[in-house]
Amino acid sequence: MNSLQPVRGTRDILPDEMRRHRVVIETARAVAARYGYHEMATPVFEFTEVFKRTLGETSDVVTKEMYTFAIGEGEQVTLRPEATAGVARALISGGLTQSLPLKVFYNGPMFRHERPQKGRYRQFHQIDVELLGVAEPLADVEIIALGADILAALGLGQHTTLELNTLGDPESRKAYRAALVEYFSAYRDELSDDSRDRLTRNPLRILDSKDKGDRQLIEHAPLFGDYLNQQSRDFFAGVLAGLDLLGIGYTLNDRLVRGLDYYTHTAFEFTTTALGAQGTVLAGGRYDGLVETMGGPSVPGIGWAAGVERLSLLLAEPPLPPRPIVVVPVGEAAQAAALKLTQDLRHAGFAVELGYSGNLKKRLQRANKMNARAALLFGEEELAAGSATLRDLDSGEQELVSLDRLAERLSRLA
Ligand code: ATP
Ligand code: MG
């Protein structure tokens, strides 16, 4: 009976790791706010159609990775595998198309039924930004710069590389698709089962295959660059010029395709070599066709998502929890006053622990164990004097401090 284990591919995030997650999320949120991106949230589950339509019936996520269940009367819902579809749905159903551009920051759990391994889970977390309603390359530049800035703020600027490609406009994509079908059809029998299937349903996805045999064939496949029309070339040139102006380095990778159907023009990934096979930490692109595909008006969009687990694995120093002050009542009489003092100090903004039980020595040991900054010893003598004995746990020094001066004295502890 395994029912007391977390379900395969899911994990508990214990406090140490949660602090890392929070650094990632809070840093991203703060940087995004400087760019004018505001946080929003959509439900964790949506009607299955929302994802099927936007991710495409043939995408890996839709064919293999969705958690779907019935909610009665023939209605099916799916735990969200990503954030963009929900944001686009909210844009349409909430009438937000009246107030474009919409710039959002997003974070939360996502669900994909894939093979669990380090950095790859069935419930994982993403931060995500979306910019809807801007068709100009300037939007692509902004959204990439925002990603680069967040990685830099996390201290990961040196450890990640920006890879960049263009998928062109729909016309270019169509021409390229035809060239790919022609090329891969000649190697039909050598393709993996999945890719043979993609050949008729979505040949671009073959370029995304992780199969070894496929990868060899992909090396000699036609290049997207040769099938871009002038408009698509100009657009991409605009993006590159903006990045150059801002000094954001990139590597062009003409094999980079996004796994999802609605991407056009710019596609990008920030990758690292520090996480083994799970090297993509932040990925995104332009999705001008998405909102229309969902049944809304034609609204251009661009965005990216980053895996919080992968980013927190890369953080150098796990941030330490704040060092508390520990209140240690000595003797029965001081208990109630200690409880009150603890609460007063918390209200004054300090992180305060109350030594619950045990003798003085035990309680001080516990205070040291939780890396407390100071202990406030509080016995009958102190009680009578309206004071507490402040013990600096770093220097070992002690002094008697009257209660009305206590907050001020504590705030001077480094
Ligand atoms: P991959 O090729 O690694 O499967 P993907 O193309 O499916 O990635 P996206 O849909 O672009 O990934 O998601 C953006 C980011 O979310 C990824 O770059 C990664 O950091 C993270 N991510 C995606 N799937 C998982 C997962 N199962 N577990 C943990 N993080 C994930
Ligand atoms: Mg995937």
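Read the numbers this way: they start at 1 and go in the same order the structure lists the ligands and their atoms.
- Near R112, the atoms of ligand 1 lying under 4.0 angstrom from a non-hydrogen atom of the residue are 5 (P), 7 (O), 9 (P), 10 (O), 12 (O), 13 (O), 23 (C), 24 (N).
- By the 3.5 Å distance cut-off applied to N or O atoms, F124 is not counted among the residues near ligand 1.
- Using a non-hydrogen distance threshold of 4.0 Å, K210 registers as a contact of ligand 1.
- F235 and H265 have parallel rings, their planes meeting at less than 30° on a 0 to 90° scale where 60° marks the start of perpendicular.
- Judged by the shortest distance from any of its heavy atoms, E309 lies outside the 4.0 Å radius around the atoms of ligand 1.
- Looking at Q126 next to ligand 1, an N or O pair under 3.5 Å apart turns up.
- Annotation: Y176 is in aromatic contact with F224 [ring centroid separation under 6.0 Å].
- Of all the atoms in ligand 1, the ones that sit under 4.0 Å from a non-hydrogen atom of G307 are 15 (C), 16 (O), 20 (O), 21 (C).
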Inset, instruction - With side chain to side chain donor-acceptor pair (under 3.5 Å) as the test, would you mind laying out the steps for S192 and D211 before giving the verdict? - result: CA-CA 7 Å; S192 68; D211 178 88; 4.6 Å; no
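- For the pair R286 (side chain) and A139 (backbone), a donor-acceptor distance under 3.5 Å is absent.
- Y37 pairs with exactly one of I143, V31, V104 by the side chain to side chain contact (heavy atoms under 4.5 Å, CB included) rule, that one being I143.
- By the criterion of a heavy-atom distance under 4.0 Å, the side chain of E114, and not its backbone, is placed next to ligand 1.
- If you look at V61 next to ligand 1, there are no close heavy atoms at all, none under 4.0 Å.
- Within the listing of ligand 1, atoms 18 (O), 20 (O) sit less than 4.0 angstrom from a heavy atom of V281.
- Comment: R255 does not engage E219 in a salt bridge, judged by the lack of any side-chain N to carboxylate O separation of less than 4.0 angstrom.
- Ring-centre distance between Y183 and Y187: below the 6.0 Å cut-off.
- Taking each of K118, Q117, R120 in turn, the one with a heavy atom nearest to atom 1 (P) of ligand 1 proves to be R120.
- Side-chain atoms of D128 and N107 include no donor-acceptor pair closer than 3.5 Å.
- For R310, the heavy-atom gap to ligand 1 drops under 4.0 angstrom.
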